[in-house]
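What's counted below: heavy atoms across the whole structure, side chains too, no hydrogens, waters or symmetry copies.
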Amino acid sequence: KVYPVGDPEKPVLTRRFIISENAVAIKPDAHRPRMTADNNASQQVDFTVNYASLQLNDPFRNIYSSILQNGIWSKSKTNLKPEFVGNNELKYNSLSDKNIFPGGNEFRYFDIKSIRYQSEFISKIDFALSNFNVFLTPSENREFKPYFYWQDFNGKYYIAIQEGRDPDTDADYVYVFFTLPSKNIVQGGRMYVSGALANWKLNEDNLMFYNKEKAQYECAMLLKQGWYNYEYVFQKDGENTIVPTEFEGSHYETENDYLIIIYYRNPRERFDRVLGTEIINTLNRLSY
């Protein structure tokens, strides 16, 4: 938590981080689900935890595991319990949906490290009201399109500038205009531009508004120059449920990072220890 001196109740920003002991060995495996009707659109993450170096009382009851897709807490499975315990190992190879994630799609992207030329997916750049405005080309609906791989940042961004030396100070802020054509407004919720560019949150800053005259969703965001990944997500009214496949589609082939976190809760202590973490990337690692 970063806050002004003497005023911790008004933080400038907060960020979550993890301190791991690396006290256990984690062997992960990512594969196409075998026991679900959505095996063409999902990915399953199995793993084995070896805790032979530790003396743990009742590991089944006191060890908790979490899996995060691309490091996103809103795309996580938490408090997972193993299917098998024995020989100092915990095996998580669920036949239910506990370890199964929608594969999603590769993130959309754009490059605004320069405002002197139009890079891929940029249709126009102009200057008005003391700001540069970058208009992205209208996004296509990928919900029912076949999977196509391209390298992405898994929803993250990288600050950079082409006509400067120090991106931290030389990169400028520009307004980026997103356009998502849709013949009709999607009922029952609201559409957002999502990604690390919005800190993975859904609020007024990345909310899309429907333009009936042009039959499209629109959004403008103030962003610093660099490379950006993003996607469109739909949030249902009155729920925290997010539908990332609306306009995006979902495929078991999609390249994703999965972070596995192993917690241990000692009944005599007042905190959870992180015994270990492991990351598996699905590119060229998916088994079938």
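A side-chain N or O of Tyr92 and one of Ser65 form a donor-acceptor pair less than 3.5 Å apart. Between the side chains of Asn70 and Asp257, no donor-acceptor pair of N or O atoms lies under 3.5 Å. At a cut-off of 3.5 Å, with distance as the only test, a side-chain donor of Asn154 or Glu255 sits close to an acceptor on the other residue. Defined by atom type and a distance below 3.5 Å, a donor-acceptor pair is missing between the side-chain atoms of His251 and Asn40. With 3.5 Å as the limit, one finds a donor-acceptor pair spanning the side chains of Gln69 and Tyr258. A donor and an acceptor atom, one from each side chain of Gln216 and Ser182, are nowhere located under 3.5 Å apart. Gln225 and Asp172 form no side-chain donor-acceptor contact under 3.5 Å, judged by distance and modelled atom types alone.
Taking 4.0 Å as the cut-off between side-chain N and carboxylate O, Lys98 and Glu83 count as a salt-bridged pair. The pair Glu248-Arg108 counts as a salt bridge, with a side-chain nitrogen and a carboxylate oxygen less than 4.0 angstrom apart. Taking 4.0 Å as the cut-off between side-chain N and carboxylate O, Lys145 and Glu143 do not count as a salt-bridged pair. Of the charged side-chain nitrogens involved, at least one lies within less than 4.0 Å of a carboxylate oxygen, so that Glu231 and Lys75 count as a salt-bridged pair.
Heavy-atom minimum distance, Asn99 versus Asn93: ND2-N, 4.4 Å.
Although no hydrogens or angles enter the test, the distance criterion places a donor-acceptor pair under 3.5 Å between the side chain of Asp170 and the main chain of Arg165. The main-chain N or O of Ile63 is found under 3.5 Å from a side-chain atom of Lys81 such that the two form a donor-acceptor pair. Judged by distance alone, with hydrogens and angles left aside, the side-chain atoms of Asn131 form no donor-acceptor pair with the main-chain N or O of Ala128 at under 3.5 Å. With Lys224 contributing its side chain and Asp168 its backbone, the two residues share a donor-acceptor pair below 3.5 Å. Listed for the Asn105 side chain is no donor-acceptor partner under 3.5 Å among the backbone atoms of Tyr147. Of the possible polar contacts, none joining the Tyr157 side chain to the Phe153 backbone as a donor-acceptor pair under 3.5 Å is found.
Under the 4.5 Å side-chain heavy-atom criterion for ILVMFWY residues, no single connected hydrophobic cluster contains both Phe209 and Tyr230.
Rounded to the nearest 0.5 Å, atoms CD (Glu246) and CG (Asn141) are 8.0 Å apart.
Between Phe135 and Phe177, the ring planes are parallel. Angles under 30° get that label, and only those over 60° would be called perpendicular. The aromatic rings of Trp150 and Tyr109 sit perpendicular, their planes meeting at an angle over 60°, well past the 30° parallel limit.
Annotation: cation-pi pair Arg265/Tyr64 present, NZ/CZ under 6.0 Å from the ring centroid and within 45° of its normal.
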